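These notes are about the structure you will find just below.
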Amino acid sequence: MAALQNCPATACLLRTELQAPLSALLTYEQANTSSLQRALNPEQLFLQSFFQTLLDAGCTLPSKPKALHAFLRIASQGLPFNELCTILQTQMLDRLTYQQLQSLPYQHLRNLQVLVEVYAIGSLKLSPLDVPLVVDLFSCFYPHELREKQMSQLILTFFRNVWPAFIQKFEPLVPQARELLTAHPEKVKKWLLVWKNHHLKLVPDLAASAENKHPYYQMDFETIIRYVPAHLWFNDGLPYGDNVRAFGFDTPGFIHLASGGSIRKGADHRPYTRRMAKILMELPFDFDTTGLDMYIYAFTRSLGASEQLSSRLQSFIRHPDNTKRLQEELDNWQPIVQRLNVPEFEQLSDEYAATILGYVYHCIRDQPGFNQRKASLNQLRNETNAYQYRIRQRLAERLEKEREKQERSAKNWASFTKIKGMDVKVAASHFRIHQLLSTSELQQEGRVMQHCVGGYGHKCQSGLSTIWSLRECKDGNWKSQVTIEIINNRIVQASAKNNARPAPEHTQLIRSWARRENIQLA
């Protein structure tokens with residue numbers, strides 16, 4: 001056995017058979033008869049001795065062909081023989097998926113040695129469901145991370161002392177909590193890093209506090225797990241505003257909640273009612289937040305809005321960073337939300353509901369005191385129809401005037417700015433930001449987007465402002481998504497259809513374009 005551990009040629013000889021591990025086993029089986037042993041070459045004799053020594057040590061070879069292949073690759077890394085025996089005795093390889101078996105043998109030697117420590121008999125009691133999770137978790141770290149601050153030992157401590165508390169946290173919420181969590185190693189890795197920074201007192205914003213006496217460091221981590229809602233653990237916070245995350249693991253809001261603080265008394269500038277706080281803290285752990293601003297969601301739901309109404313309002317209620325402006329926005333919308341929370345509004349089509357909300361937004365913005373009116377849904381529908389009729393009438397009048405002027409003045413104008421458009425592909429989508437340089441383009445934009453940009457021709461012709469359209473190519477056609485107005489190199493308006501707030505992905509594209517062209521944001 002000592003010869004097998006220390007033989008310099010071990011790795012080389014094993015690698016010779018890596019491409020055909022089953023053939024190597026067959027060679028071993030054939031070599032059990034002395035008559036066949038004389039026909040074996042030196043490499044085959046070595047493998048025969050290697051397998052025989054493993055079996056003499058009480059080991060059982062992996063049952064899966066891919067697991068056997070992975071074992072031979074691991075053996076070729078030069079691990080001590082007793083560690084190879086441990087891998088076989090715990091049958092860890094037979095528990096892994098095909099993808100894990102493919103990647104495992106290529107991990108750094110130190111990763112493999114730590115994995116052997118994890119599976120060593122008596123060192124850590126793991127459920128069979130935890131085995132793939134631990135392998136995935138170790139594969140997330142680079143070798144230098146495992147060496148840094150005894151990361152390997154920290155991982156073992158985490159699984160021994162902290163991991164059971166997370167299982168206990170989720171067991172009341174989902175029948176098969178362990179299966180759910182082990183299927184998400186990327187989440188468990190984040191939890192491990194949160195615990196590590198707490199354990200070693202290395203939280204970035206707290207590391208410089210006096211003698212690390214911050215209340216967060218004084219808390220037992222099991223208590224922190226209990227204090228933080230399950231949905232925040234599962235989602236690393238909540239989406240707020242334009243792709244901004246609140247209460248993420250690296251934010252002061254998370255530290256505040258984890259220290260036992262109330263969401264209403266944290267450092268967050270946003271106002272929270274008791275009902276809003278309750279809604280946010282009691283969300284299901286797997287609540288689908290896709291496309292939602294969860295602050296607006298909590299605000300609308302706290303006023304009794306249905307899920308459908310809350311979803312429809314997402315594009316129209318703004319979420320400014322300024323506390324005063326945000327409170328004004330909420331005050332303006334509060335009576336509207338309560339007024340629209342009726343079955344008749346839910347029965348409207350999404351397109352017509354968006355048209356009404358676009359009219360309401362226009363009134364809140366341009367008619368002070370509108371939110372105090374006691375307009376019924378029926379009145380709002382009539383006013384919306386009249387508003388849309390006026391828009392169409394004004395558009396028709398402008399078209400007629402333009403037709404009359406067609407021969408006296410040009411309908412196109414040259415650009416007054418050095419700002420350039422943008423053409424970009426994001427994943428499978430193709431976007432373009434294009435300047436509108438004619439009356440017909442503005443009018444077409446106004447018709448498609450259901451707002452009044454069609455009347456901005458005089459401003460553009462005089463150079464007072466420039467109008468741009470963010471468009472997406474769908475089925476070979478370019479479709480307007482957001483209309484942008486720029487005055488003095490500053491974006492003053494960016495509106496989606498019916499004056500709705502642009503979608504987060506469109507806002508991100510506009511901001512990227514503004515940075516590139518040195519355009520100021522409103």
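Please read all numbers here as calculations on a predicted model, not as lab measurements.
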Using a 4.5 Å cut-off on heavy atoms from C-beta on, say whether the side chain of Ser259 contacts that of His214. yes
d(Gln338 CD, Leu309 CG) to nearest 0.5 Å is 11.0 Å
Rounded to the nearest 0.5 Å, what separation is found between the NZ atom of Lys190 and the CZ atom of Phe249? 7.0 Å
Salt bridge or not between Glu307 and Arg301? Use side-chain N to carboxylate O under 4.0 Å. yes
Dump the intermediate steps for side chain to side chain contact (heavy atoms under 4.5 Å, CB included) on Leu436 and Glu445, then the final yes or no. CA-CA 9 Å; Leu436 306 183; Glu445 184 82 358; 3.8 Å; yes
For Tyr227, which residues count as a ring-ring contact (aromatic ring centres under 6.0 Å, His included) partner, sequence neighbours excluded? none
Please say which of Arg471, Glu505, Lys474 ends up in a side-chain contact (heavy atoms from CB on, under 4.5 Å) with Gln481. Lys474
Keeping Asp293 on the side-chain end and Gly241 on the backbone end, is there a donor-acceptor pair under 3.5 Å? yes
For a quick test of reading the model, state the closest non-hydrogen atom pair linking Gly446 to Val453 and the distance between them. N-CG1, 3.6 Å
For Ser262 and Leu257, which heavy atoms make the closest approach, and how far apart are they? C-CD2, 4.3 Å
Check: Phe234 ring centroid to His184 ring centroid under 6.0 Å: yes
Which heavy atom of Leu313 sits nearest a heavy atom of Trp333, and at what distance? CD2-CZ3, 3.8 Å
Pair Asn498-Tyr361, side chain to side chain contact (heavy atoms under 4.5 Å, CB included): steps then yes or no: CA-CA 9 Å; Asn498 290 311; Tyr361 170 77; over 6 Å; no
Is there a donor-acceptor contact under 3.5 Å from the side chain of Arg490 to the main chain of Gln520? no
With side-chain hydrogen bond (donor to acceptor under 3.5 Å, both in side chains) as the test, would you mind laying out the steps for Thr290 and Asp288 before giving the verdict? CA-CA 6 Å; Thr290 305; Asp288 185 6; 2.6 Å; yes
Sorted by chain and number, sequence neighbours left out, ring-ring contact (aromatic ring centres under 6.0 Å, His included) with His451 holds for none
So Thr417 and Trp468, do their side chains get closer than 4.5 Å, heavy atoms only? yes
Is the distance from the ring center of His231 to that of Phe287 below 6.0 Å? no
One pair to check against side chain to side chain contact (heavy atoms under 4.5 Å, CB included): His430 and Asp423. What are the steps and the verdict? CA-CA 8 Å; His430 188 182; Asp423 195 300; 2.5 Å; yes
Review item, side-chain donor-acceptor pairs of residues 509-518, under 3.5 Å, at least two apart:
residue, atom, partner, partner atom, Å
Trp513, NE1, Lys420, O, 2.8
Arg516, NH2, Gly421, O, 2.5
Glu517, OE1, Lys420, N, 3.2

When you measure from the centre of the six-membered ring of Phe345, is the NZ or CZ of Arg312 under 6.0 Å away and within 45° of the axis? yes
So do the side chains of Glu472 and Ser429 get within less than 4.5 Å of each other, counting heavy atoms only? yes
Using 0.5 Å steps for rounding, measure from the CD1 atom of Ile519 to the OG1 atom of Thr466. 8.0 Å
Return yes if some donor-acceptor pair links the side-chain N/O of Ser302 with the main-chain N/O of Phe299 below 3.5 Å, else return no. yes
Using a 6.0 Å distance limit plus a 45 degree cone around the ring axis, check whether Arg381 lies over the aromatic ring of Tyr352. no
When you measure from the side chain of Thr507 to the backbone N and O of Ala503, does any donor-acceptor pair fall under 3.5 Å? yes
First locate atom CG of Leu238, then atom CZ of Arg245, and finally report the distance between them rounded to the nearest 0.5 Å. 7.0 Å
Please report the shortest heavy-atom distance between Val337 and Ala305, naming the atom on each side. CG1-CB, 3.9 Å
Once ring-ring contact (aromatic ring centres under 6.0 Å, His included) is applied, do any residues pair with His434, and if so which ones, sequence neighbours excluded? none
Residue pair Arg318, Arg325: steps toward the side chain to side chain contact (heavy atoms under 4.5 Å, CB included) verdict: CA-CA 9 Å; Arg318 269 51 176 179; Arg325 289 173 55 202; over 6 Å; no
Report the C-alpha separation of Glu346 and Ser306 in whole Å, then their side-chain angles, then the decisive distance to 0.1 Å, and conclude whether the side-chain hydrogen bond (donor to acceptor under 3.5 Å, both in side chains) test is met. CA-CA 9 Å; Glu346 293 201 2; Ser306 65; 2.4 Å; yes
Where the side chain of Lys187 meets the backbone of Asn235, is there a donor-acceptor pair that is under 3.5 Å apart? no
Side chain proximity check, His319 to Leu326, heavy atoms < 4.5 angstrom: yes
Name all residues meeting the ring-ring contact (aromatic ring centres under 6.0 Å, His included) criterion together with Phe170; count only those two or more places apart in sequence or in a different chain, and write none if there are none. Trp191, Phe285
Measure the CG-OH distance between Leu202 and Tyr217 for me, rounded to the nearest 0.5 Å. 6.5 Å
Is any side-chain heavy atom of Leu380 closer than 4.5 Å to a side-chain heavy atom of Leu340? yes
What do you reckon, is CG of Asn322 surrounded by more than 12 foreign heavy atoms closer than 6.0 Å? yes
Taking the side chain as every heavy atom from C-beta outward, state whether Phe254 and Tyr216 have any pair of such atoms under 4.5 Å apart. yes
Can you name the nearest heavy-atom pair linking Gln314 to Tyr297, along with the distance? NE2-N, 3.5 Å
Check whether more than 12 heavy atoms from other residues, nucleotides or ligands sit under 6.0 Å from atom CD of Gln168, and answer yes or no. no
Partners passing side chain to side chain contact (heavy atoms under 4.5 Å, CB included) against Gln347 (at least two apart in sequence or in another chain): Pro343
With a 4.5 Å cut-off on side-chain heavy atoms, are Asp268 and Tyr240 touching? yes
Donor-acceptor pair, side chain of Arg501 and main chain of Ile317, under 3.5 angstrom: yes
Taking the six-membered ring for Trp and the full ring for Phe, Tyr or His, determine whether the centres of Phe247 and Trp233 are under 6.0 Å apart. no
Rounded to the nearest 0.5 Å, the NE2 atom of His198 sits from the CD atom of Gln218 at a distance of 8.0 Å
How close do Asn341 and Gly304 get, heavy atom to heavy atom, and via which atoms? ND2-O, 2.5 Å
Over 12 non-hydrogen atoms of neighbours within 6.0 angstrom of CG in Asp321: no
side-chain contact (heavy atoms from CB on, under 4.5 Å) with Phe316: of Ile364, Ile296, Leu357, Asn499, only one passes, and it is Leu357
Decide side-chain hydrogen bond (donor to acceptor under 3.5 Å, both in side chains) for Gln327 and Asp331; before the verdict, give the C-alpha distance in whole Å, the side-chain angles of both, and the deciding distance to 0.1 Å. CA-CA 6 Å; Gln327 187 63 64; Asp331 291 344; 3.0 Å; yes
Side chains of Phe158 and Phe221, heavy atoms from C-beta outward: is any pair under 4.5 Å? no
